[in-house]
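Notes to accompany the following structure.
Proteins come first, then strands; the chains are lettered A, B, ... in the order of their sequence lines, and each starts at number 1. These figures come from a predicted structure and were not determined experimentally.
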Amino acid sequence: MPVYTYRKEGKTVTEFAKEFNRKKRELFARYYGFLNPPQQEAVATVNGPLLVLAGAGSGKTTVLVNRIGNIILFGNAWQSEELPDDAEQLYPQMLEAERGSRAGIRSVLEQMAVDPARPWRVLCITFTNKAANEFKERLQTLLGERARDIWAGTFHSVCVRILRRHIGLLGYPTNFTIYDTDDVKKVIAAIMKRRHMDEKILSPKAVMGLISRYKDKSYTPEEMLMDAGKDTRIIKSAEVYAEYQRELKQSGALDFDDIIMLTETLFREHPAVLEQYRNQFDYVLVDEFQDTNPSQNRLVAMLGGGKENVCVVGDDDQSIYSFRGATVENILQFDHTFPRAKIVRLEQNYRSTGHILNAANAVIKHNKGRKGKNLWTKAGEGELIHVHRPMTQGEEALAIVGEIRKQVNAGKRKYGDFAVLYRMTALSNNIEQTFVKHRIPYRICGGLRFNERREIKDVLSYLSVVNNPADNVRLRRIINVPKRAIGDTTLLKLETIAGREGMSLFEVASNADGYSEMGKAAGKLKEFARLIDSMREFGETHSLTATVEYVLQSSGYMRFLAEEANADGDTEHEREQNVKEFLSTVKMFEETAEEPTLASFLEEMALVSDLDELEEGQDAVTMMTVHSAKGLEFPVVFLVGFEDGLFPGMQALMEGSEEEERRLAYVAITRAKEALYIYHCESRMLYGRTDLRSASRFLGEIPEEDCEKSYKNPSRRSDYTREAVTFSRPASPAGGQSVFEAGDRIKHPFFGAGEILTAQNMGGDMLYEIAFDSGSTKRIMGSFAKLTKE
DNA sequence: AGCTAAAATGTTTTT
DNA sequence: CATTTTAGCT
């Protein structure tokens, strides 16, 4: 015990300690002065379980970032009552710092840190990879390079990282393949066909959904069967599930659900492994907790179980993924899992203006069984919510164009301020086409993804087989592409033998001459197997990019694409361009990834979403589904198709999941910062059918006084007058992502700097002809090339 | 085996 | 409506 000089001033140690801690808290409050009191509490509560109920726009991200920063910089200093040994020396510094800068306060606080965590001891689980990267970036300004070492990612990416190390314990290969929904569907359909199940009665998609729902709860096929009762659909599906799981394991493949489920299995069956990670992670944080499924919830309980330094953040009103097995129970029962849990509510909204917030509150109030909260704001009333009733979806799109044009031309807004949100991707078409026609620059999220294009999937399949030859699904995809005279008959024989011998298709193909029934096809099969082997051998001694190039050439796939393009008269050679663009993705990955291996590249390709790749900075209107918009905000939001049967959707109304649709509406409304435009058409054509439609029931839940309707009565007769659409010279050179024209200097991630020779509009996308400084001239689609101004 | 033309099929939302 | 799947033909 040091002898405190303050004792000379007549203070006892206890008195001094009290004063020291009071001063310490004052400094903390000063340092985190930009946060409101509940936010500060969330940041300061470092040890022990914590549930943060964060309403929309309540500064949730700021809290999470600063909480992690606090954990790493100051540790448990705020909560701790213990006096540091050098408290005596610190105290005058504290008094000094109090009058000084933020940096000064920070440095004193750092000296008072109690058990600050090393970055790699912090696990932060986010909903998207994009969110994880944003966290890391924001933390970098707070922590510097250390921020890189934080374990931040989605449940899936974190679990894959763990599984890569330990999945051998479960009898899977470490180079496992990750199957996407497409692959899964193929396997399920094949199994059902083999079992002579009638697709009319039970579709592969339905079976897939049922299995997935059970996997979300980590049920085994046996457990699913037990749970099925007399429901034959579930019984049948459980049977398929058993076979499906065997088949995936044999192929060394995991589906999205397996990634979570098997991690849980790993931890349960190998407690030593769980112990290792429990020890490693001093702190566990989970964002968007309302959208976790039971398996994920158990993982959190497992990983955080020891130290109980678990912080989950979420909003039960924004739970919108129950169709994917997420359950709001996880958040409602968090204090059941962790009885010591402290609960912090963030209810002050910093995002939206008054009328928008009123509308959101009013709508969500109709839901039963919520934790209950009411968002409030200090911001003014703002604009009324603009409600319009166009006759058709054509007018709906034109009205949006008119509004955007008007506000951009007036200099009031830029394109990037606007977002168009819709319930279904199918609704994006009208809008997109109208945008192209009227030269409104936009970026679209969802729908056709780059790596879902046929040629990209083919190339990825080659790479998957090279990485994991046991991968039967991917092998089947490319064994005869380009044509190698390995047809259905040969494939069927191959499958029969493989099934009989318990071998993979590749193994059988490698030894095809050992089976007399293969006949003359044996040579072809062996040749194919040798080809794959040569690719793998090449990969062992060459870089990733070189290997991919080798695969493209030796497989004959590039030549195949070229011939196909010529035959189709496709002078643009679009597919080839896409593959070249893919190659630049590979190159970029190789340059930036921590571990530039084929396995980790394939992993990244499997786990990134197009939301992750949505590039910021371009001045363009954003178009996305309401689901994708979760966590985002925009100054102006256009909500289209706000009609009964669409939003809430037909299916939802039938199934009685109206409350989830209402939450979705709540999410949509709360994306808007300053202005919200709601559209519902009198008639809409969807899937070739035109129907009369009435406004969403949720619209009626928004108070009249918060709205400004362009029509007076609820009748179908239109008194809507079309917005004046000015056909003036467009402010932007083209639609789509394009912001370049001939003569512009640009930079390409793969090919380097260059100059645009020509730019032509191709159905909403831009085709650029670019002369690169390296001497080559290339044609590149605007939507794939991540071109930047030089 | 491979092509064309007709039929089916989708009507959520996605890691 | 637009795309994908399948049947039926050569």
_Is it the case that atom NZ in A/Lys185 sees more than 12 heavy atoms from other parts of the structure closer than 6.0 Å?_
no
*Nearest to the side chain of A/Tyr321, which nucleotide is it out of B/dT11, B/dT14, B/dT15?*
B/dT14
_Atom-to-atom span, CG of A/Asp691 to P of C/dC1 - whole angstrom_ = 13 Å
*Has A/Thr425 got a side-chain N or O lying under 4.0 Å from the OP1 or OP2 atom of B/dT13?*
yes
*Using only side-chain N and O atoms of A/Gln651, determine if any of them is under 4.0 Å from OP1 or OP2 of B/dT12.*
yes
*A/Tyr557 and A/Phe560: aromatic ring centres closer than 6.0 Å?*
yes
*asked:* If I take atom OH in residue A/Tyr422 and atom P in nucleotide B/dT11, what distance separates them, rounded to the nearest angstrom?
replied: 15 Å
*Over how many whole Å does the gap from A/Leu299 atom CG to B/dT15 atom P extend?*
19 Å
*In terms of side-chain geometry, is the basic nitrogen of A/Asp691 or A/Arg684 positioned less than 4.0 Å from the acidic oxygen of its partner?*
no
*Grab the CG-P distance between A/Leu492 and B/dA1 for me, whole Å please.*
12 Å
*In whole angstrom, give the distance that lies between atom CG of A/Asn429 and atom P of B/dT11.*
14 Å
*Measure from the side-chain heavy atoms of A/Lys205 and tell me the nearest of B/dT15, B/dT11, B/dT13.*
B/dT11
_Integer-rounded Å distance: B/dT12 C1' and A/Met650 CE_ = 13 Å
*Determine whether the aromatic ring centres of A/Phe267 and A/His166 lie less than 6.0 Å apart.*
no
*Would you mind classifying the nucleic acid contact of A/Met424 as base, sugar-phosphate or nothing, using non-hydrogen atoms under 4.0 angstrom?*
sugar-phosphate
*Is A/Glu643 close to A/Glu682 at the side-chain level, that is, under 4.5 Å between some pair of heavy atoms?*
no
_Under 4.0 Å, counting only non-hydrogen atoms across every strand here, what does A/Ile178 touch: a base, just sugar-phosphate, or nothing?_
nothing
*Examine the base of B/dT13 for any acceptor or donor lying under 3.5 Å from a partner atom in the side chain of A/Arg324, and report the outcome as yes or no.*
no
_Here's one to test your reading of the geometry: is the NZ or CZ of A/Arg324 within 45 degrees of the ring axis of A/Phe256 and under 6.0 Å from its centre?_
no
*Checking all strands, does A/Gly487 fall into the base, sugar-phosphate, or nothing category for heavy-atom contacts under 4.0 angstrom?*
sugar-phosphate
*Contact under 4.0 Å: A/Lys186 side-chain N or O vs C/dT5 OP1/OP2*: no
*Is any side-chain nitrogen or oxygen of A/Thr625 closer than 4.0 Å to OP1 or OP2 of B/dT12?*
no
*CG (A/Asp488) with more than 12 external heavy atoms under 6.0 Å*: no
*asked:* Quick one about A/Asn293 and A/Tyr321 (side-chain donor to acceptor, distance below 3.5 Å, no hydrogens or angles considered), yes or no?
replied: no
_Between P of B/dA1 and CD1 of A/Ile479, the distance in whole Å_ = 12 Å
*Report the residue (A/Ile486 or A/Ser157) whose heavy-atom-nearest nucleotide on DNA chain B is the more 5′ of the two.*
A/Ile486
*asked:* Parallel, tilted or perpendicular: which one describes the rings of A/Phe589 and A/Phe601, with boundaries at 30° and 60°?
replied: perpendicular
*asked:* Side chain of A/Tyr687, heavy atoms from C-beta onward: which of B/dG10, B/dT12, B/dT15 has the nearest atom to it?
replied: B/dG10
*Interatomic distance at C1', C/dT5 relative to B/dT12, whole Å*: 22 Å
*Round to the nearest Å and state the distance from A/Lys185 atom NZ to C/dT5 atom P.*
8 Å
_Secondary-structure stems for DNA chain B, with pairs counted as Watson-Crick or G-U when both distances are under 3.5 Å and runs at least 3 long_ = B:1-10 with C:1-10
*asked:* Can you tell me if A/Phe323 is stacked onto the base of B/dT13, using a 5.5 Å centroid cut-off and an angle below 30°?
replied: yes
*For nucleotides B/dT11 and C/dT6, find the distance between their C1' atoms and express it as a whole number of Å.*
23 Å
*Want to settle it: does A/Ser203 or A/Asp257 sit nearer the 5' end of DNA chain B, counting the closest nucleotide to each?*
A/Ser203
*asked:* Using a heavy-atom cut-off of 4.0 Å across all strands, would you classify A/Thr489 as base, sugar-phosphate, or nothing?
replied: sugar-phosphate
*For A/Phe155, report the nucleic acid contact type (base, sugar-phosphate, nothing); a contact means any heavy atom under 4.0 Å.*
nothing
